[in-house]
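One structure is given here, and the rest of the page talks about it.
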Amino acid sequence: MHAPALRELRATDRAPIAAILHATGAFTDEEVGVALELVDEGLVDATTADAYRFVVAELDGRVVGYACFGLTPLTDGVFDVYWIAVDPACQGRGVGKALLRAVEAEVTRRHGRTILIETGGKPSYAATRTFYDRAGYREIARIPDFFRIGDDKVVYARRVDGQDPRRSSES
Ligand SMILES: CC(C)(COP(=O)(O)OP(=O)(O)OC[C@H]1O[C@@H](n2cnc3c(N)ncnc32)[C@H](O)[C@@H]1OP(=O)(O)O)[C@@H](O)C(=O)NCCC(=O)NCCS
């Protein structure tokens, strides 16, 4: 399979992104609503420093996935990946990894140092956590019973400046 084409967000991406978010089955309607609000904000404002930024993946001219990220306010170079999703029909073929690599390249270009991704600790998110692991992200924090009892918040990190995400530069 060939590599996906990666590009910035366009207004015509909203409908296919909505379809992908629903098709994954990973997100509640409320979560899909929030994800689409970020898309709408990203379409209006891509100029301010902490705007929501997007990478969209296409295969054969069709949108098959996207990632949404942005500079975390009040930090000097920490970026959050707010959302990442790949069409279930195209999962397991390197699209998600290509999206993360494109995010990393853009964060590096913007002089960022750390990328954080928050996810859920429940068993149904095990594949997603494996995906972050395989892509070189490390679990650096866990908040027990965050989303609900038994469902932790797990924070993954990757340093794009070559530092170990588990250590501060002074230790
Ligand atoms: C998580 C997600 C974005 C991964 O995208 P993807 O295109 O399927 O992932 P890739 O094909 O790029 O996989 C990259 C690596 O992760 C591993 N991986 C991906 N999905 C996996 C799974 N279900 N089980 C085990 N490993 C998996 C791959 O084996 C691959 O490892 P390798 O580099 O050693 O070969 C995608 O599965 C998805 O959209 N899931 C539903 C939405 C979601 O959970 N988003 C994150 C919310 S926090």
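Order of appearance sets the numbers: ligands from 1, and atoms from 1 within every ligand.
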Least distance between heavy atoms, [X] atom then [Y] atom:
{"X": "Trp83", "Y": "Glu31", "answer": "CZ2-O, 3.3 Å"}
{"X": "Arg110", "Y": "Phe79", "answer": "CB-CZ, 4.0 Å"}
{"X": "Ala98", "Y": "Leu6", "answer": "O-CD1, 3.7 Å"}

Closest by any non-hydrogen atom to [atom]: pick that one out of [options].
{"atom": "atom 8 (O) of ligand 1", "options": "Gly96, Ala35, Gly92, Ala98", "answer": "Gly92"}
{"atom": "atom 10 (P) of ligand 1", "options": "Gly94, Ser124, Ala126, Ala23", "answer": "Gly94"}
{"atom": "atom 40 (N) of ligand 1", "options": "Gln91, Glu31, Lys97, Arg101", "answer": "Gln91"}

Give the contacting part of [X] toward ligand 1: side chain, backbone, both or neither, where contact means a heavy-atom distance below 4.0 Å.
{"X": "Phe27", "answer": "side chain"}
{"X": "Arg134", "answer": "side chain"}
{"X": "Thr130", "answer": "side chain"}
{"X": "Tyr156", "answer": "neither"}

Quick one: does [X]'s side chain have a donor or acceptor within less than 3.5 Å of a partner on [Y]'s backbone?
{"X": "Asp45", "Y": "Thr48", "value": "yes"}
{"X": "Arg129", "Y": "Gly120", "value": "yes"}
{"X": "Thr72", "Y": "Val78", "value": "yes"}
{"X": "Arg14", "Y": "Arg10", "value": "no"}

Assess Trp83 for proximity to ligand 1: is some non-hydrogen atom of it under 4.0 Å away?
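It does not, in that no heavy atom of Trp83 comes within the 4.0 Å cut-off of ligand 1.
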
Can you tell me if Ala85 has a non-hydrogen atom under 4.0 Å from ligand 1?
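In this structure, Ala85 qualifies as a contact of ligand 1 - some heavy atom is under 4.0 Å.
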
So, using ring pair (Phe, Tyr, Trp, His ring centres under 6.0 Å) as the criterion, who are the partners of Tyr137 when residues are at least two apart?
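Partners of Tyr137 by the ring pair (Phe, Tyr, Trp, His ring centres under 6.0 Å) criterion come out as none, since no residue qualifies.
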
Kindly say whether the aromatic ring centers of Phe69 and Tyr82 come within a distance under 6.0 Å.
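No.
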
Are any of the N or O atoms of [X] closer than 3.5 Å to those of ligand 1?
{"X": "Arg93", "answer": "yes"}
{"X": "Glu118", "answer": "no"}
{"X": "Ile84", "answer": "yes"}

Could you tell me, atom by atom, which parts of ligand 1 come under 4.0 Å of a heavy atom of [X]?
{"X": "Val95", "result": "7 (O), 12 (O)"}
{"X": "Thr128", "result": "43 (C), 44 (O), 46 (C)"}
{"X": "Thr119", "result": "48 (S)"}
{"X": "Ala127", "result": "22 (C), 23 (N), 24 (N)"}

Of all the non-hydrogen atoms in the protein, which one sits nearest to atom 1 (C) of ligand 1, and at what distance?
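Its nearest protein heavy-atom neighbour is Phe131 CD2, 3.7 Å.
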
Who's the nearest protein heavy-atom neighbour of atom 39 (O) of ligand 1, and how far?
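So the nearest neighbour among protein heavy atoms is Val86 N, 2.8 Å.
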
Is there a side-chain hydrogen bond (donor to acceptor under 3.5 Å, both in side chains) between Asp60 and His2? Walk through the geometry before answering.
CA-CA 9 Å; Asp60 301 323; His2 46 279; 3.0 Å; yes

Within 4.0 Å of atom 28 (C) of ligand 1 (strictly less), any protein heavy atom?
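It does not; no protein heavy atom is within 4.0 Å.
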
Any protein heavy atom < 4.0 Å from atom 44 (O) of ligand 1
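Protein heavy atom within 4.0 Å of atom 44 (O) of ligand 1: present.
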
Would you call Asp152 and Lys122 a salt bridge, using N to O less than 4.0 angstrom?
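Salt bridge absent between Asp152 and Lys122.
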
Is the shortest side-chain N to carboxylate O distance from Glu106 to Arg53 below 4.0 Å?
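Salt bridge between Glu106 and Arg53, a charged N being under 4.0 Å from a carboxylate O: no.
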
